[in-house]
Amino acid sequence: NAGVTQTPKFRVLKTGQSMTLLCAQDMNHEYMYWYRQDPGMGLRLIHYSVGEGTTAKGEVPDGYNVSRLKKQNFLLGLESAAPSQTSVYFCASSFGTGPYEQYFGPGTRLTVT
Amino acid sequence: QKEVEQDPGPLSVPEGAIVSLNCTYSNSAFQYFMWYRQYSRKGPELLMYTYSSGNKEDGRFTAQVDKSSKYISLFIRDSQPSDSATYLCAMSALSNYQLIWGAGTKLIIKP
């Protein structure tokens with residue numbers, strides 16, 4: 001099992017450019033999450049999904065959109081990148097809510113210049 | 001004020017020492033408490049999980065929850081250089097499936 005995979009691993013964007021981050025999991029998990037991690041801020045939830053075709057906003061959703069067309073995939077889009085979106089982005093998935101273990105991908109390092 | 005406070009460190013200790021990592025929180029509704037370990041340039045991995053108050057032990061690791069003080073701890077005995085990582089606490093309430101994360105403490109074990 002590959003677990004949770006993320007593509008790309010690194011990306012540099014110019015302000016105003018758009019991109020999509022792809023997350024895939026092979027554990028048949030219903031729940032998927034997108035986080036960003038910044039120094040001193042811990043993990044902050046951007047958007048999450050409780051099943052195929054559903055999405056919901058997390059703590060810091062502005063500037064991002066998501067889609068979950070297939071159960072195994074969760075896409076994070078940046079329509080018009082800003083320097084404030086420079087961060088490390090992690091995707092995670094879990095079997096259930098609350099105390100269920102979240103399995104994380106290796107992260108995507110995004111720099112917006 | 002953040003819901004979960006965690007000292008970012010770094011905390012540097014010699015090999016073999018007992019390490020104490022801590023988080024405080026403000027939401028009395030939190031019932032589930034977790035510790036994740038994150039190696040450099042990797043995603044976090046679940047290390048330990050406790051429900052409500054009390055202690056839980058797993059090998060060299062012990063997790064403690066003191067709900068009266070809103071304080072959780074992770075102890076590492078006989079620390080090893082391979083324990084060098086960032087340790088994140090996370091917690092959630094029964095009624096809310098979102099995990100609330102601490103900022104993480106960077107731990108360095110010196111050989």
Linked, directly or transitively: [X] and [Y] (ILVMFWY side chains, under 4.5 Å):
{"X": "B/Ile72", "Y": "B/Leu46", "value": "no"}
{"X": "B/Leu74", "Y": "B/Tyr32", "value": "no"}
{"X": "A/Val60", "Y": "A/Met32", "value": "yes"}
{"X": "B/Phe61", "Y": "B/Trp35", "value": "yes"}
{"X": "B/Tyr87", "Y": "A/Met41", "value": "no"}

**Asked** How close do B/Gln38 and A/Phe90 get, heavy atom to heavy atom, and via which atoms?
**Response** NE2-CZ, 3.4 Å
Taking atom [atom1] of [X] as the centre, report whether more than 12 heavy atoms of other residues, nucleotides or ligands fall under 6.0 Å from it.
{"X": "A/Lys71", "atom1": "NZ", "result": "yes"}
{"X": "B/Lys42", "atom1": "NZ", "result": "no"}
{"X": "A/Glu79", "atom1": "CD", "result": "no"}
{"X": "B/Tyr39", "atom1": "OH", "result": "yes"}

Can you tell me which portion of [X] sits under 4.5 Å from chain B's heavy atoms? Options are side chain, backbone, both or neither.
{"X": "A/Gln37", "value": "side chain"}
{"X": "A/Tyr35", "value": "side chain"}
{"X": "A/Arg44", "value": "neither"}

**Item:** Check: A/Glu59/B/Gln98 side-chain N/O donor and acceptor closer than 3.5 Å
**Value:** no
Measure [X] against the heavy atoms of chain A and call it side chain, backbone, both or neither at under 4.5 Å.
{"X": "B/Lys2", "answer": "side chain"}
{"X": "B/Tyr36", "answer": "side chain"}
{"X": "B/Leu88", "answer": "side chain"}
{"X": "B/Gln6", "answer": "neither"}
{"X": "B/Pro8", "answer": "neither"}

**Message:** Could you measure the distance from the CD atom of A/Gln102 to the CG atom of B/Leu99? Nearest 0.5 Å is fine.
**Reply:** 4.5 Å
**Prompt:** What distance separates B/Ile100 CD1 from A/Leu45 CG, expressed to the nearest 0.5 Å?
**Reply:** 8.5 Å
**Request:** Please assess A/Arg109 against B/Arg41 for the test side-chain contact (heavy atoms from CB on, under 4.5 Å), listing each intermediate value before the final yes or no.
**Result:** CA-CA 9 Å; A/Arg109 292 183 174 272; B/Arg41 297 184 176 265; 2.9 Å; yes
